[in-house]
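Have a look at the structure below before the remarks.
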Amino acid sequence: MSTEPMCLACGMQYAGPRDNCPVCEDERQYVPAAGQRWTDLATLRAGGSYRPRVQEQGPGLVGVGSDPKFAIGQRALLVQAESGNFLWDCAAYLDDALIAKITELGGLTGIAISHPHYYTTMVEWARAFDVPVYLHEDDQQWIGRPDPSIKLWSGTTLDVADDLRLINLGVHFAGGTVLHWPGGEEGRGALLSGDIVQVVPDRTHVGFMYSYPNLIPERPSVVRRAAELLEPYRFDAIYGAWWDAIVRSDGHEVVQRSARRYLAHALEAF
């Protein structure tokens, strides 16, 4: 079992022991008051405290995570597209039971991750299912455990399948990416956004932030560009990074309306 060190705060897995976690030291995350602490996947598996959580989140979308949550606590999404199962984002916890469950659902054809906070144990996932992991090259400096399974891509869009497209919006991180699935929601389209486009408690809007825990707003020029990039795409639902963080309808207008509101407030501040 894997003994590569994992940060307890953010879940990033590193290739070897280290004293610091660059992801936590960045202003978009934080080092906990108790200091930097470490574990590894073998210890988490052996401890018996964590168990897989696999639960439907929408039509053709299966949430994947752990109970209780570990580190940041995001859940991944298994996209059951016509082209095959594809994993969007990455949950830190992985054990034999979870591998067996996903294999039972049809395995994976690939993995893509929205931004570095969710890189976590991506190499473990890639090796378990023998698939590539697609990351935007603008965030390659944050890779904690290099591996041949990691495929860097550049530019604004990448089609990882005939029916799945990655779109680099640059929100939150320079490589911040969302996944558009036109076949989602029974053909009405779905946007899988991680927290690049953040689903907030008021489901009539979404949020855009540079740092969530430290409350640093995203730059207006970045938000404007993100809205412009998403304008041509049609999607009814938006699936965020957390369990049941979902905008169920009118997703395209929700994004555009939210960007207009954000920009109005941001420009008024100046």
Side-chain angles (χ1 to χ4, degrees), residues 1-52 64-76 87 89-96 98-99 111-128 132-153 170-177 194-196 198 209-218 241-242:
M1 290 190 292
S2 176
T3 57
E4 284 79 4
M6 295 172 63
C7 172
L8 270 173
C10 73
M12 179 69 88
Q13 186 182 59
Y14 290 95
R18 57 185 305 134
D19 296 326
N20 70 320
C21 173
V23 172
C24 287
E25 291 182 344
D26 178 70
E27 63 184 353
R28 283 160 289 197
Q29 181 58 13
Y30 60 93
V31 176
Q36 200 73 66
R37 295 187 297 163
W38 303 90
T39 188
D40 56 62
L41 200 51
T43 299
L44 294 179
R45 289 168 171 170
S49 298
Y50 295 92
R51 59 185 181 276
V64 178
S66 68
D67 189 14
K69 68 179 184 179
F70 173 73
I72 293 175
Q74 77 280 1
R75 60 101 176 87
L87 190 70
D89 275 334
C90 189
Y93 186 73
L94 180 65
D95 63 10
D96 292 341
L98 186 50
I99 292 170
I111 301 168
I113 304 178
S114 59
H115 70 291
H117 289 157
Y118 302 160
Y119 286 179
T120 62
T121 53
M122 60 183 175
V123 173
E124 302 287 343
W125 284 84
R127 292 183 177 183
V133 181
Y134 298 97
L135 308 178
H136 199 277
E137 67 174 11
D138 284 350
D139 287 341
Q140 63 181 310
Q141 72 187 86
W142 301 104
I143 296 172
R145 184 183 175 188
D147 190 79
S149 63
I150 297 171
K151 309 300 181 186
L152 298 175
W153 64 281
V171 177
H172 194 33
F173 277 80
T177 295
D195 56 11
I196 305 307
Q198 180 74 287
M209 293 289 280
Y210 180 76
S211 171
Y212 290 97
N214 299 316
L215 302 179
I216 306 173
E218 186 51 271
W242 317 103

Between [atom1] of [X] and [atom2] of [Y], what distance do you get to the nearest 0.5 Å?
{"X": "Leu152", "Y": "His136", "atom1": "CG", "atom2": "NE2", "value": "9.5 Å"}
{"X": "Ile150", "Y": "Met122", "atom1": "CD1", "atom2": "CE", "value": "3.5 Å"}
{"X": "Tyr134", "Y": "Leu87", "atom1": "OH", "atom2": "CG", "value": "13.0 Å"}
{"X": "Met12", "Y": "Trp38", "atom1": "CE", "atom2": "CH2", "value": "9.5 Å"}

- Message: Using the rule given for side chain to side chain contact (heavy atoms under 4.5 Å, CB included), can you reason through Thr120 versus Phe70, listing the C-alpha separation, both sets of side-chain angles and the distance that settles it, and then say yes or no?
- Response: CA-CA 11 Å; Thr120 62; Phe70 173 73; over 6 Å; no

Could you pull out the closest heavy-atom pair between [X] and [Y], with the gap in Å?
{"X": "Pro116", "Y": "Asp139", "result": "CD-OD2, 3.5 Å"}
{"X": "Arg28", "Y": "Ser211", "result": "CA-OG, 3.5 Å"}
{"X": "Cys10", "Y": "Cys21", "result": "SG-SG, 3.6 Å"}
{"X": "Cys90", "Y": "Trp125", "result": "SG-CD1, 3.3 Å"}
{"X": "Ala128", "Y": "Leu94", "result": "CB-CD2, 4.3 Å"}
{"X": "Ala241", "Y": "Asp195", "result": "CB-N, 4.1 Å"}

- Item | Distance-only donor-acceptor check, side chains Asp40 and Thr3, under 3.5 Å | no

- Is the closest side-chain donor-acceptor distance between Glu25 and Asn20 under 3.5 Å? yes

- ring pair (Phe, Tyr, Trp, His ring centres under 6.0 Å) partners for His115, two or more places apart: His117, Tyr118, His172, Phe173

Taking the side chain as every heavy atom from C-beta outward, state whether [X] and [Y] have any pair of such atoms under 4.5 Å apart.
{"X": "Trp242", "Y": "Gln74", "result": "yes"}
{"X": "Ile72", "Y": "Gln29", "result": "yes"}
{"X": "Asp95", "Y": "Tyr50", "result": "no"}

- Are the side chain of Thr39 and the backbone of Met6 linked by a donor-acceptor contact shorter than 3.5 Å? no

- Note on the structure: Only residue of Arg18, Arg37, Gln36 satisfying side-chain contact (heavy atoms from CB on, under 4.5 Å) with Cys7 is Gln36

- Any chance you could lay out the side chain to side chain contact (heavy atoms under 4.5 Å, CB included) test for Ile196 and Thr177, step after step, and finish with the verdict? CA-CA 7 Å; Ile196 305 307; Thr177 295; 5.8 Å; no

- Run the side chain to side chain contact (heavy atoms under 4.5 Å, CB included) check on Trp153 and Glu137 step by step: do they pass? CA-CA 5 Å; Trp153 64 281; Glu137 67 174 11; over 6 Å; no

- Query: When you look at CG of Asp96, are more than 12 heavy atoms from neighbouring residues, nucleotides or ligands closer to it than 6.0 Å?
  - Reply: no

- Who are the salt bridge (Lys or Arg N to Asp or Glu O under 4.0 Å) partners of Arg127, not counting sequence neighbours?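 Result, salt bridge (Lys or Arg N to Asp or Glu O under 4.0 Å) vs Arg127: Asp147.
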
- Message: Please determine whether side chain to side chain contact (heavy atoms under 4.5 Å, CB included) holds for the pair Tyr93 and Asp67, giving the CA-CA distance in whole Å, both sets of side-chain angles, and the decisive distance to 0.1 Å.
- Response: CA-CA 9 Å; Tyr93 186 73; Asp67 189 14; over 6 Å; no

- Kindly write out the residues that satisfy side chain to side chain donor-acceptor pair (under 3.5 Å) with Glu124, not counting sequence neighbours, or none if the list is empty. Ser2, Gln13, Arg145

